[in-house]
Amino acid sequence: MRTSNFLLSTLKETPADAEIISHQLMLRAGMIRKVAAGIYTWLPAGLRVMRKVENVVREEMNRAGAQELLMPSVQPAELWQESGRWEMYGGELLRMKDRHGRDFAYGPTHEEVIGSLMANEIRSYKQLPANFYQIQTKFRDERRPRFGVMRSREFVMKDAYSFHLDHAGLQETYDVMYQAYSTIFSRLGLGFRAVEADTGSIGGNASHEFHVLADSGEDAIAVCDKYDYASNVELAEALQVGNERSAPSEDLKRVDTPGQHTIAAICDFLDAPIESTIKTLLVKGAEEGTVVALVLRGDHELNELKAEKHELVASPLSWASDEEIQSAAGCAPGSIGTVGLDLPIIADRSAVNLSDFICGANEDDVHLTGVNWVRDCAEPIEFDLRKVVAGDLCARATDEQEDSRLSITRGIEVGHIFQLGTKYSEAMNATCLDNNGKAAFMQMGCYGIGVSRIVAAAIEQNHDDRGIIWPDAIAPFKLVVTPIGYNKSEKVKAVCDELYQELTASGIEVLLDDRNERPGIMFADADLIGIPHRVVVGEKSLDKGMIEYKNRRAESAEDVAQDSILEFLKAALA
RNA sequence: CGGGGUGUAGCGCAGUCUGGUAGCGCACCGCUCUGGGGGAGCGGUGGUCACAGGUUCGAAUCCUGUCAUCCCGACCA
């Protein structure tokens, strides 16, 4: 491609409404343009990158035995009513009516379509296992789209759905997909991590997310390399910290604590370590109108996702109102405690093993010290409630060494694999006959990759102050040829044209910058759009029989003899 | 959905308080010089000042309403 024939819409200045680096660079490099909130046009430079990602994904899905198909983006409401999600899905489902007034939705995902399709197409276990995928535009009407294509409403996704006679078959394909995903992200040149994930409302027994590691990531991941453990912090198990509960050694004492309503204030006021305090949080119970107390050690934070998994706790988690707190505890938040509290008390593992601790007295501006479970209040229900923090022991650890502890890193979720079980096959009545001729609901798995999001994630991970640095596998062009004086020097023009033709003929995607621009502009543009390899052809070098080569990541350039440049480049780009 | 910003040329912004012919830089077009990291000069093109209504002799500017968009949070995966 020649720049004279390519829409190179680079911007010198950063558009004001772009916050994160990938969004800024995608706009500046002329990859995308916003059409509406969360809706973007992909310009040629951007689309070239997305196609590269798609192709790698397609190759590896095919290699893993999945078959590509294409389902409609506009889906009839009946399918969603059948699965119950027409009501359940909420505002994210973009609904519309056709000219006859019939309800449709723009597909945010395709379990319904594939489920009803395969209910018809698959009749016998002999057709199983089967795995189908598509690469297609989805629409989720996010409440708050943000960060460019990182969290857009319209986006490109690879979604795959597998079908099995039994769970063993599902597990087998799940493992194959796990491997395929690892291969895909490796081939894309991305630093990533597979992490255990919450199965959320979908349910099922296993789920992994694939995260591109980047400080700007929206998700926090707890990692322990020694035990090969990585989990979304939403899910990561928090072990008990501290020693086993010891016998009470202090008497229960009432202390006036006027105006001290936070843990930090109490510790300061009583000159007590924060590990000797507990906090008591009141939340709505699963049963309408009830309230439940959640207890954590003072220095720990509540993991709301864990809490709402307890059968006594309302899901989604919902805080008790001030009135409910007043009537249940007899005081305002800040003075709640476990003594004399007539509520179910669910305590985090690390709070359960405390003795002689400090808590509120359920009376405004009064606290208790020397509190002990059993002696002073009921034995609590033990439950994993807290958020893990860096330095916690890994849940798999069998020792307490430094390298058995968790570190917290941030990631961008670019892939997610689920074992769905029979949830959708039951909803869509997708059965097949087993080898006894009996109908059985098929086991399903589903496997997503955020194709457009990967483009942004790759930039988050690969950029410098001059612009994007594409991994070779997804660069819009592998090599840029920058002539000095293309329109002035016959010699330079001839060498560039020949180089361009030969490299192009050997299958290398080359951008020849034939604009009549000053070198600085050409260098700046090439760096901004992130082309990984560059050669500069100028009369000065040519007179010495040299052509200059530079890797985008390298500090400086090197001279290569003109007569060996082709082999050199073929080797460098291999 | 709650809170906070912002809407003036393709991009970045000033002008709004204090009403009086719509400006600057970049980009873009033409010419000249220049030619290894966003160069310089001269001359140009481009705007229903988000929209609607109101006040006024006169509104980008004041008033009312609407919309769009960005950020934080909640929500979602």
Side-chain angles (χ1 to χ4, degrees), chain A residues 7-20 23-24 27-30 33-40 43 85 88-93 108-109 111 138-148 150-153 155 157 159 197-203 207-211 218-219 232 234-235 304-305 308 315-319 411-418 446 448-450 453 465-467 482-489 492 513 515-529 534-542 546-548 550 552 556-557 559:
Chain A
L7 184 67
L8 198 60
S9 286
T10 55
L11 301 175
K12 203 189 276 189
E13 284 173 291
T14 303
D17 54 7
E19 188 72 12
I20 62 168
H23 188 196
Q24 294 175 353
L27 289 168
R28 286 192 53 209
R33 290 290 180 258
K34 185 174 72 186
V35 175
I39 298 176
Y40 291 85
L43 299 177
R85 289 208 289 186
M88 296 294 292
Y89 210 89
E92 267 184 56
L93 185 65
T109 179
E111 282 86 1
K138 301 276 190 276
F139 195 96
R140 294 183 187 170
D141 200 356
E142 293 268 354
R143 278 190 175 134
R144 183 150 99 79
R146 59 192 129 162
F147 305 147
M150 188 73 85
R151 183 174 284 270
S152 53
R153 294 193 291 173
F155 59 99
M157 184 176 180
D159 48 328
D198 188 31
T199 47
S201 50
I202 295 182
S207 173
H208 286 85
E209 292 168 351
F210 288 77
H211 286 260
E218 287 190 85
D219 292 287
N232 198 309
E234 290 174 349
L235 185 73
E304 302 187 12
L305 275 172
E308 70 190 29
S315 179
L317 189 87
S318 171
W319 299 98
I412 300 163
E413 183 187 340
V414 289
H416 200 161
I417 58 178
F418 278 101
C446 83
I449 288 183
R453 180 181 281 183
D465 52 7
R466 294 200 304 265
T482 307
I484 308 293
Y486 185 81
N487 297 296
K488 282 279 166 63
S489 161
V492 167
D513 201 342
R515 293 176 295 174
N516 192 15
E517 288 288 357
R518 297 167 59 82
I521 290 178
M522 295 192 282
F523 293 148
D525 276 342
D527 287 347
L528 175 61
I529 66 178
R534 181 183 84 190
V535 294
V536 179
V537 178
E539 280 210 325
K540 268 186 264 175
S541 306
L542 285 181
M546 294 297 201
I547 286 176
E548 176 186 302
K550 183 179 174 300
R552 175 70 176 79
S556 55
D559 281 335

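By convention in this document, chain letters (A, B, ...) are assigned in the order of the sequence lines, proteins followed by strands, and residues within each chain are numbered from 1.
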Whether the side chain of [X] and the base of [N] hold a donor-acceptor pair under 3.5 Å is what I'd like checked.
| X | N | value |
| --- | --- | --- |
| R28(A) | G38(B) | yes |
| R534(A) | G36(B) | no |
| S541(A) | G36(B) | yes |

With both distances under 3.5 Å as the test, what is the Watson-Crick or G-U wobble partner of [N]?
| N | result |
| --- | --- |
| C76(B) | none |
| A14(B) | none |
| A68(B) | U6(B) |
| A40(B) | U32(B) |
| G53(B) | C63(B) |
| G46(B) | none |
| G19(B) | none |

Please classify the nucleic acid contact of [X] as base, sugar-phosphate, or nothing, using heavy-atom distances under 4.0 Å.
| X | result |
| --- | --- |
| E234(A) | base |
| S9(A) | nothing |
| N516(A) | base |

Spacing of [X] atom [atom1] relative to [N] atom [atom2], expressed in whole Å:
| X | N | atom1 | atom2 | answer |
| --- | --- | --- | --- | --- |
| M522(A) | G36(B) | CE | P | 10 Å |
| R518(A) | G41(B) | CZ | C1' | 13 Å |
| I39(A) | A68(B) | CD1 | P | 12 Å |
| L8(A) | G10(B) | CG | C1' | 15 Å |
| R515(A) | G39(B) | CZ | P | 12 Å |
| F523(A) | G37(B) | CZ | P | 7 Å |
| D465(A) | G37(B) | CG | C1' | 13 Å |
| L528(A) | G37(B) | CG | P | 18 Å |

**OP:** Hey, could you give me the OG1/CG distance between T10(A) and D525(A), rounded to the nearest 0.5 Å?
**Re:**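 Interatomic distance, T10(A) OG1 to D525(A) CG, rounded to 0.5 Å: 3.5 Å.
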**OP:** Find the distance between CD (E234(A)) and CD (E304(A)) and round it off to the nearest 0.5 Å.
**Re:**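 It is 10.5 Å, given to the nearest 0.5 Å.
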Taking the side chain of [X] as heavy atoms from C-beta outward, which of [options] is closest to it?
| X | options | value |
| --- | --- | --- |
| E548(A) | G36(B), G39(B), A77(B) | G36(B) |
| A524(A) | G25(B), G38(B), U34(B) | G38(B) |
| K12(A) | G37(B), G36(B), G39(B) | G39(B) |
| E517(A) | C28(B), A27(B), A77(B) | C28(B) |

In whole Å, measure the gap between the [atom1] atoms of [N] and [M] for me.
| N | M | atom1 | value |
| --- | --- | --- | --- |
| G58(B) | C1(B) | P | 39 Å |
| G39(B) | G25(B) | C1' | 16 Å |
| A22(B) | G15(B) | C1' | 9 Å |
| G2(B) | A74(B) | C1' | 8 Å |
| U61(B) | C49(B) | C1' | 10 Å |
| A9(B) | C24(B) | P | 14 Å |
| C72(B) | C29(B) | C1' | 44 Å |
| A27(B) | U66(B) | P | 41 Å |

Original post:
Of P15(A) and G520(A), whose nearest nucleotide on RNA chain B comes first from the 5' end?
Top reply: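 It is P15(A), whose closest nucleotide lies nearer the 5' terminus.
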Please tell me if the side chains of [X] and [Y] come closer than 4.5 Å, counting only heavy atoms from C-beta onward.
| X | Y | result |
| --- | --- | --- |
| R33(A) | S9(A) | yes |
| E111(A) | D159(A) | no |
| D513(A) | P483(A) | yes |

**OP:** Take Y486(A) and V537(A), measure what side-chain contact (heavy atoms from CB on, under 4.5 Å) needs, and give me the verdict at the end.
**Re:** CA-CA 9 Å; Y486(A) 185 81; V537(A) 178; over 6 Å; no
Using a cut-off of under 3.5 Å, enumerate the N/O to N/O pairs linking the protein to nucleotides 69-75 of chain B.
{"residue": "U69(B)", "atom": "OP1", "partner": "A37(A)", "partner atom": "N", "Å": "2.8"}
{"residue": "U69(B)", "atom": "O3'", "partner": "K34(A)", "partner atom": "NZ", "Å": "3.1"}
{"residue": "C72(B)", "atom": "OP2", "partner": "R144(A)", "partner atom": "NH1", "Å": "3.1"}
{"residue": "C72(B)", "atom": "OP2", "partner": "R144(A)", "partner atom": "NH2", "Å": "2.6"}
{"residue": "C72(B)", "atom": "N4", "partner": "R144(A)", "partner atom": "NE", "Å": "3.4"}
{"residue": "C75(B)", "atom": "O2'", "partner": "R143(A)", "partner atom": "NH1", "Å": "2.7"}

**OP:** Using the ring of F523(A) (Phe, Tyr or Trp, six-membered ring only), decide whether R534(A) places NZ or CZ under 6.0 Å from its centre and within 45 degrees of its axis.
**Re:**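 Yes, R534(A) sits over the ring of F523(A).
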**OP:** For Q24(A) and A18(A), indicate whether the former's side chain and the latter's backbone hold a donor-acceptor pair under 3.5 Å.
**Re:**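 Pair found, side chain donor or acceptor close to backbone of A18(A).
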Original post:
Can you check whether L11(A)'s main-chain N or O pairs, donor with acceptor, with R28(A)'s side chain at less than 3.5 Å?
Top reply: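 Yes: the side chain of R28(A) pairs with the backbone of L11(A).
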Subject >> Closest approach of S489(A) to E539(A) (non-hydrogen atoms, all atoms of both residues) >> reply: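 Between these two residues, the closest heavy atoms are OG-OE2, 2.8 Å.
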